[in-house]
Peer 1: 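For reference, the structure I am asking about is given below.
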Amino acid sequence: MPASPSAASADALAEFVRRLPKAELHLHIEGTLEPELIFRLARRNHVALPYDSVESLRAAYAFTNLQSFLDLYYAGAGVLLTEQDFHDLTAAYVQRARADGVVHAEIMFDPQTHTARGVAIETVFAGIAGALREARDRHGFTSCLLMSFLRHLSEQDAFETLEAALPLRKQYADLWIGIGLDSAERGNPPEKFARVFARCRELGFRLVAHAGEEGPAAYVGDALDLLHVERIDHGVHSEEDPALMRRLASQRIPLTVCPLSNLKLRVVDDLSRHNLARMLRAGVNVTLNSDDPAYFGGYVLDNYVASARALSLSPVEIGQLAANSLAASFLPDADKARLARDLASVLAQCPAP
Ligand code: ADE
Ligand code: ZN
């Protein structure tokens, strides 16, 4: 029995969202490293941690901006050493995502975070891919990989990472289909990576980039025009430029928005002032995602529920967000159509919360 009417409606909302087939399109696998797993892997790998408990580590997750988060996030990834570590990390994410009704995930990973510590890029690919193939074969959970370059490093470093990864392309052709760009945005504009993205485009990769998270709307336009990306990760600063907003809406360019991330990194000071509902209502192809759920206090379902409550999203709008996530995925058209039909039939049967 729910404790109160508001608890009852919260449960009904969560159950409604859970039942909608959804894709998660903006997820850093290193950002799913929960404090408990950090401690378990540190013990397994004999890595010393500067925290004496899970609680004290979690207490350090009080971020003031993107960089304050990135410092802890790169340090946390230091416990990932073996193929088994990357496998366990990925398997834990899949289990959590499936529980939220995610049926397909497009997963970013940052090889440079690991190769800089002496971990072979082959180890990273093998561990993540092993878990994703198991998820596909055992549960029908589909996914793909977006290898992402760290934008605080040089374009030359990105080129070297691409060269190191390309010999693995055939072996991971079922998963590795795209390229992303993440890390510290301000001062590292899209143009810094124009040549390496041009090479990736020639090679036939799907392209995405973080833009307009902390950076200006101009970075969103430049990611589209200079990097030729198909989706923008975050993009919440697009609203500063009405012409850009019209372009996003008319071309149905997807934004992979991450509300709880924006709240934790102080991109917005209150979820009730997040612009995702306004952008959705202006016809922008907004999707909801968790970004780095272990650090930001919520997986996909939490992002939907918190946004729906803070912004009074209607059941139709919640359904639209789920539909957008399927349409904006890199799945083949036939799979998108099948999932869209599944979603429509769930929406037709589900009592609205
Ligand atoms: N890497 C992991 N999470 C990120 C974010 N929110 N922005 C930029 N780079 C990231
Ligand atoms: Zn991100």
Side-chain angles (χ1 to χ4, degrees), residues 23-34 38 61-78 80 86 89-90 93 97 105-114 116 124 128 144-153 157-158 161 178-190 192-193 207-216 219-220 222-223 227 229-238 254-268 271 274 276 286-300 302-303 325 328:
E24 172 145 61
L25 306 179
H26 183 160
L27 184 280
H28 303 265
I29 201 66
E30 294 90 348
T32 69
L33 189 50
E34 292 284 350
I38 291 183
Y61 293 177
F63 310 117
T64 50
N65 56 21
L66 174 57
Q67 190 60 53
S68 67
F69 153 69
L70 290 172
D71 293 342
L72 262 183
Y73 164 80
Y74 296 131
L80 295 164
F86 287 94
L89 171 72
T90 308
Y93 164 68
E106 311 209 331
I107 297 176
M108 284 178 265
F109 67 111
D110 297 332
Q112 289 154 298
T113 300
H114 312 299
V124 180
I128 298 172
C144 65
L145 287 172
L146 309 171
M147 185 179 85
S148 299
F149 300 129
L150 297 178
R151 67 202 303 161
H152 67 274
L153 300 178
D157 208 307
T161 303
I179 295 289
L181 182 66
D182 57 16
S183 189
E185 186 181 9
R186 286 203 195 118
N188 296 298
K192 179 175 166 187
F193 295 91
L207 304 177
V208 301
H210 284 52
E213 177 186 18
E214 281 192 342
Y219 282 17
V220 175
D222 288 349
L227 304 185
V229 300
E230 295 174 67
R231 285 197 310 242
I232 296 289
D233 292 318
H234 293 294
V236 290
H237 280 269
S238 303
L255 301 186
T256 63
V257 174
C258 307
L260 291 177
S261 163
N262 295 154
L263 186 64
K264 265 299 229 187
L265 301 188
R266 308 224 189 145
V267 171
V268 291
L271 220 45
H274 199 290
L276 77 92
V286 173
T287 67
L288 290 196
N289 309 273
S290 68
D291 204 5
D292 302 285
Y295 291 88
F296 300 151
Y299 286 76
V300 161
D302 305 304
N303 275 274
S325 75

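Side chains are part of it too, since the values below use all heavy atoms of this structure and drop only hydrogens, waters and symmetry mates. This is a predicted model, so every value here is computed, not measured. In each ligand, atom 1 is the first atom listed, and ligand 1 is the first ligand listed.
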Peer 1: Select all protein residues for which some heavy-atom-to-ligand 1 distance is less than 4.0 Å, and list them by chain and number.
Peer 2: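 Lining ligand 1: His28, Leu66, Phe69, Leu70, Tyr73, Asp182, Ser183, His210, Glu213, His234, Asp291, Asp292.
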Peer 1: So which protein N/O/S atoms does the Zn ion (ligand 2) have within less than 2.8 Å?
Peer 2: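 The answer, once waters are left aside, is His26 NE2, His28 NE2, His210 NE2, Asp291 OD1.
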Peer 1: Under 3.5 Å, is there a donor-acceptor pair between the side chain of Ser325 and the main chain of Ala23?
Peer 2: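 Such a contact is found between Ser325 side chain and Ala23 backbone.
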Peer 1: For the residue pair Ala184 and Leu66, what are the closest heavy atoms and their distance?
Peer 2: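 Smallest heavy-atom distance, with atoms named: CA-CD2, 4.2 Å.
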Peer 1: Main chain of Leu276, side chain of His274: is a donor-acceptor contact present, judged purely on distance under 3.5 Å?
Peer 2: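 Such a contact is found between His274 side chain and Leu276 backbone.
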Peer 1: Would you call the rings of Tyr295 and Phe63 parallel, tilted or perpendicular if under 30° counts as parallel and over 60° as perpendicular?
Peer 2: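 Plane angle between 30° and 60°, so tilted.
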Peer 1: Kindly state whether the ring of His152 and the ring of Tyr74 have centres lying under 6.0 angstrom apart.
Peer 2: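 Under 6.0 Å, so yes.
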Peer 1: Any donor-acceptor pair under 3.5 Å linking the side-chain atoms of Gln112 with those of Asp157?
Peer 2: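 Their side chains do contain a donor-acceptor pair, which is all the 3.5 Å distance test asks for.
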Peer 1: Measuring only between side-chain heavy atoms, which start at C-beta, is Glu213 closer than 4.5 Å to Cys258?
Peer 2: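 SC-SC contact between Glu213 and Cys258 ruled out.
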Peer 1: Under the 3.5 angstrom rule, does the side chain of Asp71 hit a backbone N or O of Ser68 as a donor-acceptor pair?
Peer 2: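 The answer is no, because no donor-acceptor pair under 3.5 Å joins these two groups.
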Peer 1: Mind telling me whether Phe296 and Phe69 have parallel, tilted or perpendicular rings, with 30° and 60° as the class edges?
Peer 2: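 Correct class here is tilted.
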